[in-house]
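First the structure, in the form of C-alpha cells, and then the observations on it.
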Amino acid sequence: NAGVTQTPKFQVLKTGQSMTLQCAQDMNHEYMSWYRQDPGMGLRLIHYSVGAGITDQGEVPNGYNVSRSTTEDFPLRLLSAAPSQTSVYFCASSHDRFFPYEQYFGPGTRLTVT
Amino acid sequence: LAKTTQPISMDSYEGQEVNITCSHNNIATNDYITWYQQFPSQGPRFIIQGYKTKVTNEVASLFIPADRKSSTLSLPRVSLSDTAVYYCLVAPNYGGATNKLIFGTGTLLAVQP
C-alpha cells in the first residue's frame with residue numbers, strides 16, 4: 001500500500017491564483033481530512049469528510065473548498081490564493097469514520113503564496 | 001472539546017526514559033486521550049490512545065490517573081531518532097465532535113547523545 005499520497009510536494013503561487021492540492025489513499029478509508037501547519041501553531045483542521053459525497057468544515061475553512069466524489073480522493077481547492085495561505089498542508093485518513101483517532105498522514109505539500 | 005496543556009519543550013539524553021505530561025482539566029466522561037508524534041518535514045504519526053489507567057504498545061506507554069485530568073506519555077530508553085514533536089489530543093468517542101480532532105502546539109522533545 002502506498003498509504004496517503006499528496007501532490008505536489010512544493011508549490012509557489014501568486015496572489016489570486018487558484019490551484020488544487022491532491023490527496024489520495026489506497027486503504028479504503030472512509031474518513032479523510034485536511035490540515036494546515038504554520039510555524040508555532042500546531043496543526044489546524046480545514047475540512048474533513050466521513051465518506052464519499054459528505055464533507056464538513058473544520059477550524060479554518062475560509063478560502064478553501066473540498067469535494068469527495070470517490071472514497072480514494074479528497075482534493076483541496078484554493079480559489080484565490082492569499083499570502084496568509086502560505087503553509088504546509090497535510091492530508092490524512094482514518095479507517096474509522098465515527099472515531100477517527102488514529103489517522104494516517106501524507107507527506108505534506110509546502111505552499112508559498114507571494 | 002477539552003483544552004490540553006503540554007510543556008513547549010523537553011530535553012533528554014539517549015538511553016533515558018522520558019515522560020511527557022499533558023494537562024486536560026476539563027476532560028469529559030466520553031473523552032479519549034490520543035498522542036501523536038511528528039518528525040521534521042513529515043506528517044504526524046499516531047502513537048497511542050487510552051481512556052483510563054495504563055495502555056502500553058511497542059512504542060510507548062500511556063498513564064492516565066483516576067481523575068483523568070492529566071495523562072503521561074512514557075518513552076522508554078529514548079534514542080536520537082525519538083527527537084520529534086509530541087501532541088496530546090482529547091476528543092469524545094462519538095461522531096461530530098470526534099471528527100474535529102484538534103492538535104495543539106505539542107512538546108518538542110530533543111534527545112542529546
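Convention: sequence-line order gives letters A, B, ...; per-chain numbering from 1.
Clustering ILVMFWY residues whenever any of their side-chain heavy atoms sit less than 4.5 angstrom apart, transitively, puts A:V50 in a cluster other than the one holding A:Y104. Side-chain heavy atoms closer than 4.5 Å link hydrophobic residues (I, L, V, M, F, W, Y) into clusters, and following such links, even through other members, never connects B:V78 to B:F63. Both B:L75 and B:L80 belong to a common hydrophobic cluster when Ile, Leu, Val, Met, Phe, Trp and Tyr are linked at side-chain heavy-atom distances under 4.5 angstrom. The hydrophobic clustering, which links ILVMFWY residues whose side-chain heavy atoms are closer than 4.5 Å, places A:L111 and A:V4 apart. Hydrophobic clustering (ILVMFWY, side-chain heavy atoms < 4.5 Å, transitive): B:I33 and B:Y86 are in one cluster.
For B:Q42, the part sitting under 4.5 Å from any heavy atom of chain A is the backbone (N, CA, C, O) and nothing else. Of the two parts of A:Q37, only the side chain, counted from C-beta on, holds a non-hydrogen atom closer than 4.5 Å to a non-hydrogen atom of chain B.
Around atom OH of B:Y13, no more than 12 heavy atoms belonging to other residues, nucleotides or ligands sit under 6.0 Å away.
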* CA sep, side-chain torsions, deciding dist, call: A:F99, B:Q49, side chain to side chain contact (heavy atoms under 4.5 Å, CB included) -> CA-CA 12 Å; A:F99 315 127; B:Q49 174 196 307; over 6 Å; no

* Asked: So B:F46 and A:Y101, ring pair (Phe, Tyr, Trp, His ring centres under 6.0 Å) or not? Walk me through it.
  -> CA-CA 8 Å; B:F46 171 85; A:Y101 296 96; 8.6 Å; no

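B:L89 contributes atom CG, which lies 9.0 Å from atom CG of A:L43 (distance to the nearest 0.5 angstrom).
In terms of modelled atom types and a separation under 3.5 Å, the side chain of B:Y36 and the main chain of A:Q103 share a donor-acceptor contact.
Note: A:Y35 and B:F103 meet the aromatic proximity criterion, with ring centroids under 6.0 Å apart.
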